[in-house]
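None of the values given here were measured: they were computed from a predicted structure. Heavy-atom basis, side chains included; hydrogens, waters and symmetry copies ignored.
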Amino acid sequence: KVFKQYYQYLIDLDNKTNTIILKLMYIVFLERYLVSNNKTFKSFTKEDIINYINDCSKLNWSFSYQDNNKFQIKLFLNWMHYNNLTKISGNMILPKIIWHRNTNIRTYYSQEEITRLLNVIDIRTKQGKEDYLIISLICYLGLRISDVVNLRLRNIDFNNNTISIIQYKTDNKLVLPLIDKVK
């Protein structure tokens with residue numbers, strides 16, 4: 001019941017479906033842990049949550065994944081507390097989460113690395129041409145994969161050399177130059 005209410009709360013916040021699924025995944029992990037220890041969302045203690053987080057730290061999860069796990073649990077517990085479903089809030093258990101941002105995969109590549117990546121794609125095949133286009137859109141224009149997947153021919157204006165889309169994640173309009181390397 002609590003899980004369904006939180007799901008509806010996330011929908012009401014206008015989260016995208018993929019975002020909701022990711023957030024709920026962390027809560028399902030927590031619920032499974034609690035159930036395996038004969039606890040529920042209504043009967044857990046602060047120590048149960050701390051023990052869960054400590055157990056998660058022993059898994060082969062990246063620091064970023066562990067940090068997001070803590071953050072989503074904190075948000076969920078704050079929501080439960082706000083709705084009088086528990087006396088313990090996420091802020092009581094996890095007052096400050098230190099993000100390990102420097103452990104993430106780097107978000108840029110040199111021109112040489114991009115060229116090497118594109119050069120290994122066999123553009124003599126239809127699949128190779130599609131792969132080349134996808135990688136080009138990501139590397140040269142910085143499009144998110146969700147925006148590449150949703151890209152349609154009608155989004156491309158060859159006369160004005162632009163690509164116009166509504167970004168999937170933010171719902172913001174984005175107009176990009178259709179550069180020769182992508183064209």
Side-chain angles (χ1 to χ4, degrees), residues 1-109 134 137-139 141-152 155 163-176:
K1 183 178 176 184
V2 171
F3 189 82
K4 287 181 181 180
Q5 290 173 332
Y6 190 62
Y7 173 73
Q8 186 58 52
Y9 167 74
L10 294 175
I11 290 172
D12 293 344
L13 289 177
D14 286 332
N15 282 286
K16 298 282 185 185
T17 302
N18 291 344
T19 302
I20 292 172
I21 291 169
L22 184 63
K23 289 180 178 197
L24 291 178
M25 178 187 69
Y26 292 110
I27 307 310
V28 168
F29 291 161
L30 173 61
E31 181 185 35
R32 287 182 180 167
Y33 176 85
L34 292 173
V35 168
S36 71
N37 288 286
N38 298 316
K39 300 286 179 132
T40 66
F41 284 138
K42 294 189 178 197
S43 69
F44 71 90
T45 65
K46 181 178 178 179
E47 289 73 29
D48 292 322
I49 304 300
I50 298 297
N51 289 338
Y52 169 72
I53 290 170
N54 288 335
D55 284 357
C56 287
S57 70
K58 297 172 188 169
L59 299 173
N60 194 22
W61 290 357
S62 70
F63 288 126
S64 179
Y65 198 82
Q66 289 180 43
D67 294 342
N68 200 21
N69 181 43
K70 291 175 204 170
F71 184 68
Q72 295 308 323
I73 289 169
K74 180 178 180 174
L75 291 178
F76 174 69
L77 295 177
N78 283 341
W79 172 84
M80 284 184 56
H81 185 260
Y82 178 80
N83 288 286
N84 298 315
L85 299 172
T86 182
K87 293 180 181 179
I88 303 171
S89 74
N91 290 335
M92 292 175 187
I93 300 171
L94 300 162
K96 182 173 182 174
I97 299 171
I98 298 176
W99 287 82
H100 296 86
R101 300 238 185 253
N102 294 335
T103 62
N104 291 341
I105 298 172
R106 66 183 175 154
T107 57
Y108 65 91
Y109 295 92
I134 290 168
L137 289 166
I138 293 169
C139 290
L141 298 181
L143 286 176
R144 292 182 182 101
I145 192 66
S146 56
D147 293 329
V148 172
V149 168
N150 290 313
L151 188 65
R152 299 293 177 260
N155 300 114
I163 298 175
S164 300
I165 61 168
I166 302 297
Q167 292 177 294
Y168 180 80
K169 182 175 180 177
T170 63
D171 282 330
N172 292 331
K173 185 175 182 172
L174 178 66
V175 179
L176 296 167

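Taking the salt bridge (Lys or Arg N to Asp or Glu O under 4.0 Å) definition, one finds that D147 meets it with nothing, sequence neighbours left out. For K16, the salt bridge (Lys or Arg N to Asp or Glu O under 4.0 Å) partners are D171, not counting sequence neighbours.
Ring geometry for F29 versus Y26: interplanar angle over 60°, hence perpendicular rather than tilted (30 to 60°).
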### Task
Could you walk me through whether V35 and T40 pass side-chain contact (heavy atoms from CB on, under 4.5 Å), step by step?
CA-CA 6 Å; V35 168; T40 66; 5.9 Å; no

### Task
Would you check, one step at a time, whether the test side-chain contact (heavy atoms from CB on, under 4.5 Å) holds for V149 with I134?
CA-CA 9 Å; V149 168; I134 290 168; over 6 Å; no

### Task
Show your working on side-chain contact (heavy atoms from CB on, under 4.5 Å) between L137 and I163 and close with a plain yes or no.
CA-CA 10 Å; L137 289 166; I163 298 175; 4.1 Å; yes

### Task
Begin with the C-alpha distance, continue with both residues' side-chain angles, and end with the deciding distance and a verdict on side-chain contact (heavy atoms from CB on, under 4.5 Å) for N18 and Y168.
CA-CA 11 Å; N18 291 344; Y168 180 80; 4.2 Å; yes

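With rounding to the nearest 0.5 Å, the separation of SG in C56 from CG in N51 is 11.0 Å. Rounding to the nearest 0.5 Å places OG1 of T170 at 4.0 Å from CD of Q167. Rounded to the nearest 0.5 Å, atoms NZ (K169) and CG (N172) are 11.5 Å apart. Rounding to the nearest 0.5 Å places CG of L143 at 5.0 Å from CD1 of I165. To the nearest 0.5 Å, atoms CD1 (I93) and OH (Y52) are separated by 12.5 Å. In this structure, the separation between CG on L77 and CD1 on I88 is 8.0 Å, given to the nearest 0.5 Å.
Residues I20 and K23 fail the side-chain proximity criterion, which asks for heavy atoms closer than 4.5 Å. You'll find the side chain of K70 reaches within 4.5 Å of the side chain of I53, heavy atoms only.
Checking N38, N37, L30 one by one against L34, the side-chain contact (heavy atoms from CB on, under 4.5 Å) holds for a single residue, L30.
Within 6.0 Å of CZ on R144 lie more than 12 heavy atoms contributed by other residues, nucleotides or ligands. For Y82, the OH atom sits in a loose shell: 12 or fewer heavy atoms of surrounding residues, nucleotides or ligands are nearer than 6.0 Å.
When atom types are taken as modelled, the side chain of N69 and the backbone of Y65 share no donor-acceptor pair closer than 3.5 angstrom. Using modelled atom types, no side-chain atom of N83 and backbone atom of M80 make a donor-acceptor pair closer than 3.5 Å.
Contact detail for Q66 and S57: the closest heavy-atom pair is OE1-CA, 3.4 Å.
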Would you be so kind as to tabulate the donor-acceptor pairs closer than 3.5 Å made by side chains of residues 1-13, with sequence neighbours excluded?
{"unit_1": "Q8", "atom_1": "NE2", "unit_2": "D12", "atom_2": "OD1", "d": "2.8"}

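Checked by atom type, the side-chain pair D48/T45 shows a donor-acceptor distance below 3.5 Å. With 3.5 Å as the limit, one finds a donor-acceptor pair spanning the side chains of N78 and N91.
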